[in-house]
Amino acid sequence: MEERKILVVEDEKKIALALKMGLNENGYDVQLAFNGLEGKNVFLSQHFDLIVLDINLPGMIGYELCREIRNYNSQIPVIMLTAMNNTDDKIKSFEAGADQYLIKPFEFKELLARIRSVLKRIDQQHLAIGNILKIADLEMNLDSKEVVRNGKKILLTAKEFQLLEYFLRNRNRVVSRADIAENVWDIDFDTHTNVIDVYVNYLRNKIDKGFNVRLIHTQVGMGYILKEEK
Ligand code: CA
């Protein structure tokens, strides 16, 4: 299984670095952010499997960041950390969309156990639905490699499939051409090539053309976003 990526947003550097070290030792890839705004920017810049989020943060408090994260991604697990053992905080965390809640000081192994159980639950959900990525009426089955929109089977080339998979894994998030180049083509972005725009257009013709709701949107000057326009 590929390495899981965890974003840790924690302003106390000592705690943040200790968490990173411990999680690295357990096979997780970790990115740190030291305040709420940085946390949001890092979250938007790449794909993560899980977020560990301190409540008391400068810049943007943890609940607020959790709510923002939920606007972009309703499924990513969020574990909140707090120094206070207070029922209000707990309720607010869950209202903001957190999955788990941990009171400081905690033992590292306790956090690790939570992370493992949350990721395991997510894996089981994926297995239960046959490893399907979904947005609106479009479904991609990663096992059978089938793509269906509104009941209609869509035939994609291998590259188009990879591009759509990347969009689906980052749904509701703007991805730049450089992100796509690196993750789908495994190359550094060369500004002289329009291969990405060409492929996005191929994909549009197959998954959007003839359907009422468009899913692939151009974000001028930034890249593309896969989302269901409400
Ligand atoms: Ca803090």
Side-chain angles (χ1 to χ4, degrees), residues 1-126 169-176 178-179 183 222 225 227:
M1 184 175 285
E2 69 188 270
E3 203 171 49
R4 299 307 189 91
K5 281 186 85 166
I6 299 178
L7 170 61
V8 175
V9 190
E10 164 64 87
D11 59 312
E12 286 165 79
K13 288 214 164 127
K14 255 175 88 174
I15 296 179
L17 292 170
L19 289 180
K20 181 176 162 74
M21 206 171 78
L23 291 171
N24 284 160
E25 279 168 6
N26 283 279
Y28 297 104
D29 185 359
V30 177
Q31 286 271 320
L32 296 178
F34 301 106
N35 64 58
L37 285 175
E38 191 188 356
K40 185 182 168 183
N41 290 334
V42 175
F43 166 73
L44 289 176
S45 73
Q46 50 197 289
H47 167 80
F48 289 98
D49 297 293
L50 184 143
I51 299 176
V52 176
L53 180 54
D54 186 30
I55 287 180
N56 254 316
L57 289 170
M60 179 190 289
I61 82 159
Y63 308 122
E64 213 179 304
L65 179 55
C66 188
R67 237 174 257 122
E68 294 238 3
I69 286 169
R70 281 282 168 262
N71 286 337
Y72 289 97
N73 184 330
S74 59
Q75 277 150 29
I76 190 166
V78 177
I79 299 178
M80 295 210 104
L81 307 178
T82 179
M84 299 154 281
N85 185 5
N86 160 336
T87 316
D88 247 25
D89 259 12
K90 202 168 178 172
I91 292 168
K92 276 195 204 160
S93 300
F94 291 129
E95 277 175 358
D99 297 272
Q100 296 266 338
Y101 180 92
L102 208 54
I103 296 156
K104 289 178 180 173
F106 53 84
E107 280 192 64
F108 177 73
K109 65 179 183 197
E110 194 182 346
L111 176 65
L112 190 61
R114 302 266 183 119
I115 288 173
R116 284 185 174 143
S117 86
V118 168
L119 289 177
K120 195 173 162 197
R121 175 171 54 77
I122 298 275
D123 284 345
Q124 281 166 346
Q125 280 171 0
H126 286 168
R169 289 191 188 278
N170 292 280
R171 60 188 170 272
N172 299 323
R173 192 166 90 72
V174 175
V175 291
S176 68
D179 291 334
N183 289 285
M222 296 170 86
I225 182 167
K227 66 174 177 182

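Whatever order the structure lists them in is the order used to number ligands and atoms, beginning at 1.
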The criterion is salt bridge (Lys or Arg N to Asp or Glu O under 4.0 Å); which residues satisfy it with Lys40, sequence neighbours excluded? Glu68
Quick one: does any side-chain atom of Asp99 pair with a main-chain N or O of Val78 as donor and acceptor, under 3.5 Å? yes
Enter the distance from Leu53:CG to Leu7:CG here, rounded to the nearest 0.5 Å. 8.0 Å
Under 3.0 Å from the Ca ion (ligand 1), how many protein N/O/S atoms do you get? Just the number, please. 3
Which residues share a salt bridge (Lys or Arg N to Asp or Glu O under 4.0 Å) with Lys104, sequence neighbours left out: Glu10, Glu12, Asp54
With sequence neighbours excluded, what pairs up with Arg67 under the salt bridge (Lys or Arg N to Asp or Glu O under 4.0 Å) test? none
Side-chain (Asn172) to main-chain (Lys227) donor-acceptor, under 3.5 angstrom: no
